[in-house]
Amino acid sequence: MISKKRVFAVGAIALAAVLTVSGCTSRTASSGDSTSSAAAGDGKVTVAFVPKLQGIPYFEAMNAGGKKAAEELGITWLYQGPTTADAAAQADIVRSYIQQNVSALIVAPNDPDSMAPLLKEAADKGIKVLTADTDAPDSVREVFVNQASVEGIGEALTDQLMTAMGGSGDYAIVSCGETAANLNAWIEVQKAYTASKYPNAKLTTIVYAGEDQAAATSMATDLMNANPNLKGLVGECTSSAPGVAQAVKDAGKIGQVFTDGLGTPQSMAPYLKDGSSSASILWDVQNLGYLAAWTGQQLAEGKTLAATNDVNDDLKGIAYDSASKVLLLGDPLVITKDNVDTFDY
Amino acid sequence: MTIDERTRPAPASPPRGSGSATAKRILPLPVTGQEFVLIGVIVVLWVLLGIFTPAFLTANSIQPLLVSVAPIALIGVGMTFIIITAGIDVSVGGAIMLCAVVVAKTMVSVDIPLIGAVALAVALGLVLGLVNGVLIAYGRVAAIIITFGTANLFQFFALRVFGSSTVNGIPSTLEVFGRGEAGRTLGVPNSFAIMIVIAAVAWWYLRHAAGGRHLFAIGGNTNAARLVGIKVQPRVMLAYGLTGALVGLGACFILASGTATLDQSVGAGKELQVIAAVVIGGTSILGGRGSVIGTVLGAILVQTVTSGVTQLGWPSQLANLFVGIFIIIAVGTDLLRERARRKA
């Protein structure tokens, strides 16, 4: 009896540990809203996009842009992603698209390194391979459709916050995943750019809240308590941008502490309107989806990209760097209380 | 008649009035040694943080801390009941997610009053908890397996309700449980006060009500408990149902302390935070021993460490290190104590 109970307890702890480590991976990918499962066969170019995860507004907006492109350009657009940002589940979806023999495959890899061999497998089968949103630099991808340059994002985040703070004072960053390469790259730019352009301002602290709104809010509250001189907060990802604004609002410090961040328009709207957030930096996510679909079609039809490309009325003069094979959507989008209602995601 | 004679106290035993004296001897102290240690650790940490940070010991810092503690400690009360019966519930994260998204969506689409939102959340949570309870008590499958399964089911349903987008523009119906000015009465966060009241009732029930003592008996030795006539299955089912109802209320607290947008990360990892609070609080993972006072203290300790690390300006990951060490110390001392008792 004793040993049985002890075995159970040890098992319970071990399983709990497994849950912690692999909590995300246990959920499997669910089927997406593929616009058409008839991949090849009707002669149309088929462009498939595999997001990091499906069901968040960001990638759903990209999907909306891709669908719009499909209608206007006469291609078939497929979209499916894992329900959690899990590399293994994402790989399964990529494999299924390779089997369907799509014309072009666009991936926003969760783990660029483990995705690389799969992308090679696809390219060997004659599928045109692209990345969008997140690059897999050491892979065979032919083009990376980049939403914004690292410098563009980092500088816009800093400029908007400094405008609100009057160009001086201490500020802190509430980031998300500690190992998120894109967030860390932006933070490096913010550090350097603040030091060079705003000598009276100082980035004092960087904390990591994971993808957890509540944790971001309570960490922002702690930062304000710990640094009475704190004048600014940056929410570095879509969960911490509303989180830091909520913390300022709860503490009754609107107008004393200023925030900005990377947030989707709908989630930031209440905070932009009450002044707890000064601006949200993003890019036009629908246009990113549109551009990715267009690029997939160009490659599938054997065309090459020019140094600047006119895609449609919205997307003109899109720059392509043939050395790094990066197509750049453009300058980041600054969302404020004045334009926030024009976005429906 | 024979049974009656066996269970009836010996004729020489004291009359009813002094029977409670016997009961007092059997009952553990109202506050156990581990709880005093926890109180000591928390006091020391608060004093140190008060010295080394400019504002830890101010209302502006302590109030939000207590708001963060409230849902974890509240659900921890239910989890304490479950772990005392030698069970576990790893589905609370998924249940929080489902309750939160259903209530948030309802509040966005209909103008539901506060009481209605809370009732909806508690009712849904109770149903989810009873699903676990029925499967575990009557299906007789290990709790960790069942709740691991239902955790995924709850997440599935919650993701269906989310429907591939966040819930935006959540009204401030629940702000009485929140971090802001509306969430406090006489300076005390309402959510924390409610949690304390519920924890106090639970403490009394576990200590003095027959049903509460039965939970300890079940966790100590299920077969013996059954043989002395304790209705094991309804009791176990009730522990999971209670946890579910508290998950519902806790989900309201979590919504209130969140932002106007709800995304699918809500509830993620909360089951482990709750279990950590219970275990650090001195409840034995083997069952048969534990107290809700310890659980509340455990939740306060964990949040103190998290807030403290941020306020000291230390790297965020140190919070994980300290919480991990606390869990290992707590479980370690429990197992050592158990071993010593078996030898004695």
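Only a predicted model underlies this, so the values are computations on that prediction, with no experimental measurement involved.
The closest side-chain heavy-atom distance from B:Ile88 to B:Ile285 is below 4.5 Å.
Listed options A:Ala209, A:Ala226, A:Ala61 were ranked by heavy-atom pairs under 4.5 angstrom with chain B; first place goes to A:Ala226. The most heavy-atom pairs under 4.5 Å with chain A, out of B:Gly308, B:Gly258, B:Ser307, B:Gly163, come from B:Ser307. Listed options B:Ser316, B:Gly180, B:Ala55 were ranked by heavy-atom pairs under 4.5 angstrom with chain A; first place goes to B:Ser316. Among the candidates A:Tyr58, A:Phe59, A:Tyr345, A:Tyr271, the residue making the largest number of heavy-atom pairs closer than 4.5 Å to chain B is A:Tyr271.
On the SG-SG cut-off of under 2.5 Å, A:Cys237 and A:Cys176 qualify.
Counted within 6.0 Å of CD on B:Glu181, heavy atoms from surrounding residues, nucleotides or ligands total 12 or fewer; the atom is thus considered open.
For A:Phe343 against A:Asp284, the heavy-atom pair with the smallest separation is CE2-OD2, 4.4 Å. A:Pro82 and A:Asn110 make their closest contact through CG-ND2, 4.3 Å (heavy atoms, listed as atom of the first residue, atom of the second, distance). Residue B:Ile72 comes nearest to B:Gln273 through the heavy atom pair CD1-OE1, 3.3 Å, listed as atom of the first residue, atom of the second, then distance. Residues B:Val69 and B:Phe192 come closest through the heavy atom pair CG1-CE1, 4.2 Å.
For a residue to count as touching a neighbouring chain, one of its non-hydrogen atoms must lie under 4.5 Å from one of that chain's; by this rule B:Gln303 touches chain A with the side chain only. Only the side chain of A:Glu178 comes within less than 4.5 Å of a heavy atom of chain B; its backbone N, CA, C and O stay farther away. Heavy atoms of B:Ser165 lying under 4.5 Å from chain A belong exclusively to its backbone. For A:Pro242, the parts sitting under 4.5 Å from any heavy atom of chain B are the backbone and the side chain alike. Of the two parts of B:Asn168, only the side chain, counted from C-beta on, holds a non-hydrogen atom closer than 4.5 Å to a non-hydrogen atom of chain A.
Ion pairing between B:Arg289 and B:Asp334 holds under the 4.0 Å rule for side-chain N and carboxylate O. Residues A:Lys231 and A:Asp170 are not paired through a salt bridge, judged by the lack of any N-O separation under 4.0 Å between the basic side chain and the carboxylate. A salt bridge is defined here as a Lys NZ or Arg NE, NH1 or NH2 lying under 4.0 Å from an Asp or Glu carboxylate O, and A:Lys273 with A:Asp338 fails to meet this definition.
Within residues 213-224 of chain A, the residues having any heavy atom less than 4.5 Å from a heavy atom of chain B are, in residue-number order, A:Gln213, A:Ala214, A:Thr217, A:Ser218, A:Met219, A:Thr221, A:Asp222, A:Leu223.
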